[in-house]
Amino acid sequence: MPDTSTRELTFAQAVREALAEEMRLDARVCILGEDVAEAGTPFKVLSGLVEEFGTDRVLDTPISEAGFTGIAVGAAMTGLRPVVDIMFGDFLTLTMDQMVNQAAKIHYMSGGKWRVPMVLRTTLGASRRSAAQHSQSLHAWLSHVPGLKVVIPSTPYDAKGLLKTAIRDENPVVFFEDKMMHHKLKGPVPTGEYTIPFGVADVKRVGTDITLVATSSMVQVALGAADMLAEVGISAEVVDPRTMWPLDEKTLIESAKKTSRAIVIDEGYGRYGVTAELASVISEGAFYHLDGPVIRMGAMHVPIPFSPPLEDLTVPTEKTLFAAAQKLCSKS
Amino acid sequence: MTTLSELPVNTITTKDLWMHAHRQMVRIRLFEEQVNELYTRALMPGLAHLYVGEEAIAVGICEALDKEDYVTSTHRGHGHCLAKGASPDLMFAELLGKEAGYCRGKGGSMHIADPATGNLGANAIVGGSMGIATGAAFSAKHLKNGRVAACFFGEGALGQGLFYEELNLAQLWKLPVIYVCENNLYNEYTHYSETTAGDICARATAFGVKAETVDGQDLRAVYTTAKQLIDRARAGEGPAFLMCNTYRYTGHHVGDINREYYRSKQEEQEWKSTRDPIKLHVEWLIRENLADAATCDAVEAEVREEMKAAVEFAIAASYPGPEEVEKHVYA
Ligand SMILES: Cc1ncc(C[n+]2csc(CCOP(=O)(O)OP(=O)(O)O)c2C)c(N)n1
């Protein structure tokens with residue numbers, strides 16, 4: 001009998017469990033990053049791993065994002081399965097040559113001869129009063145690049161199942177975790193083994209009047225807005241793509257066809273962001289079923305400000321999403 | 001700097017080694033002759049960066065490496081690929097964008113890669129492969145497979161910050177990697193003295209990394225020094241930096257014809273006539289009675305035939321079909 005029991009884990013516990021399980025299964029998996037070992041990262045996501053796996057497999061690096069990301073690329077090509085930890089997603093900028101010109105291209109440029117099975121875990125999300133260099137959600141940047149897979153889970157269940165898939169994948173995978181969810185968000189996680197395939201969206205709530213396509217932290221926002229909408233008699237469906245690439249276009253389009261209205265909501269900048277891509281997929285695939293334009297909601301096109309009342313203005317909230325959804329539903 | 005005359009006689013290992021090294025240098029030179037030809041006949045798309053003049057470095061290093069050891073290369077990478085054991089026919093096919101090429105025609109001159117010879121790939125980002133080479137050394141250490149990685153780069157790459165991050169990491173973790181700097185004096189069209197402050201080797205020694213300088217025109221000096229550094233790395237004693245002073249005979253790329261604004265014809269002529277690595281090695285082979293002029297001429301004739309056949313193979317090979325364009329984006 002498969003073990004079907006579940007227990008409540010935080011997002012961070014789910015991530016840690018995925019890593020621990022994969023490291024037990026596969027001696028090639030190792031972790032590289034700043035303060036990942038005894039400190040278990042500043043967010044304490046990796047606590048306990050070095051005690052079990054030792055400093056040969058959980059390695060504290062210098063503050064050298066390009067340097068250790070590059071090492072992971074070469075190590076992945078030559079027989080290891082490194083998992084790189086980039087503390088804040090903002091520091092992805094320092095890894096760009098290694099990720100964009102190297103990791104993403106090597107399989108193609110070598111005509112399929114070399115593979116780069118590595119995972120880069122990093123964070124996204126504002127709302128921590130961390131200001132402009134510690135609050136960005138840059139997943140659109142990496143989703144733009146062919147050769148990279150991009151994962152953006154919204155629940156502990158998804159985080160664990162998708163991270164296990166990421167570690168087993170033969171390609172470079174970038175894995176985004178909302179830093180606000182790490183310890184605040186809890187959810188049921190099966191006790192037994194499971195993985196979640198890439199490219200399969202999850203309908204987090206079934207509805208009939210409007211589709212809210214939401215990613216990462218915005219899934220909770222969408223679920224909250226859906227509760228508010230229910231009170232005014234609007235039934236919202238919440239769809240989480242879970243992976244930016246590969247992208248499950250079919251589920252998004254089917255949902256929009258069913259509800260005939262769609263809002264796409266994401267914590268990255270709205271301009272040229274993933275919302276533009278998702279909205280375009282829906283518009284192209286469901287145009288004749290739609291009662292209005294697909295609405296995009298993302299972070300304002302400003303560096304994230306420090307001052308709390310200002311920061312709160314920059315990212316979509318339950319309230320702003322509720323208002324936008326109500327307006328879209330009343331228009332048509 | 002170690003010079004020819006300073007080398008102890010016992011560094012002459014075997015006749016076979018020195019003859020093989022000679023043949024490898026000739027193969028690189030004649031390969032490049034054909035590249036020049038293909039490019040000027042407009043058969044080769046893209047850019048061609050010739051390695052002529054620098055052959056002793058690739059050959060000296062790769063002769064000191066084992067087949068399983070890794071190399072990373074640069075935009076000027078044909079010599080490194082050949083020296084590590086690549087086959088000229090598949091290389092020419094790659095240069096022409098043919099499906100039979102090393103990368104199915106998707107990589108081209110600046111991206112030749114070949115797992116069979118430990119070639120992790122040439123790299124068109126100056127300094128871009130320093131992480132990859134260091135990572136290969138990281139996995140060699142982790143998997144305890146005894147391999148070493150050699151990272152080739154031009155002195156232009158000394159400007160890239162990644163280099164210093166990798167030196168720091170490699171020394172901290174005692175990784176078996178040799179950073180081979182080919183100082184051919186010019187970063188594209190700019191003399192390195194205009195771009196490179198201070199002492200080059202001090203960059204490595206500041207991290208505690210062992211550094212050596214050799215005459216890059218002197219095959220035996222490169223080989224012997226490389227051998228010591230590679231043995232040392234393999235024994236777990238950590239990374240090394242090897243500075244090889246050299247010169248590229250031709251332009252930055254084949255189209256770089258008028259070079260007077262950045263270097264003189266006289267300078268080029270001096271290097272070619274007095275510092276040619278193949279000439280110097282042949283003179284030594286003859287002096288030491290390891291070969292006579294006729295043997296060396298015969299090697300050249302054989303290699304010329306090999307290259308001619310390889311080019312014919314590549315020209316006759318077919319281009320990849322349109323279905324190839326979306327293959328290998330993901331593994
Ligand atoms: C990061 C980066 N910047 C600029 C270039 C353009 N570029 C190609 S080769 C080159 C000069 C390289 O000089 P060096 O490293 O000394 O190598 P050499 O060509 O002398 O072998 C430049 C600037 C590049 N390919 N990559």
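So that the names make sense, note that chain A is the first sequence line, chain B the second, and so on, each numbered from 1.
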Tell me, side chain or backbone of B/Asn145 under 4.5 Å from chain A's heavy atoms, or both, or neither?
neither
What part of B/Leu172 gets within 4.5 angstrom of chain A, counting heavy atoms only: side chain, backbone, both, or neither?
side chain
Could you tell me if B/Lys98 sits above the aromatic ring of B/Tyr319, with its cationic atom closer than 6.0 Å to the ring centre and no more than 45 degrees from the axis?
yes
Determine, using ring centers only, whether B/Phe163 and B/Phe153 are less than 6.0 Å apart.
yes
Given a strict heavy-atom distance threshold of 4.5 Å, which part of A/Leu32 is in contact with chain B: side chain, backbone, both, or neither?
side chain
Examine whether an atom of A/Ile106 lies under 4.5 Å from a heavy atom of chain B, and if so say whether it belongs to the side chain, the backbone or both; otherwise answer neither.
side chain
Contact origin within B/Lys327 toward chain A - heavy atom pairs under 4.5 Å:
backbone
Should A/Arg81 and A/Glu170 count as an ion pair when the cut-off is N to O under 4.0 Å?
yes
Please look at B/Val177 and chain A and tell me whether the side chain, the backbone, both or neither of the residue comes under 4.5 angstrom of a heavy atom of that chain.
neither
B/Leu120, part contacting chain A, at a heavy-atom distance under 4.5 Å:
both
Does either side chain, that of A/Gln136 or that of A/Asp90, offer a donor lying less than 3.5 Å from an acceptor on the other one?
yes
Against chain A, label B/His111 side chain, backbone, both or neither, depending on which of its atoms sit under 4.5 Å from a heavy atom there.
both
Chain B contact via A/Lys149 - side chain, backbone, both or neither, heavy atoms under 4.5 Å:
both
Which region of B/Tyr164, side chain (C-beta onward) or backbone (N, CA, C, O), has a non-hydrogen atom less than 4.5 Å from a non-hydrogen atom of chain A, or is it both or neither?
neither
Pair B/His80 + B/Tyr51: ring centers closer than 6.0 Å
yes
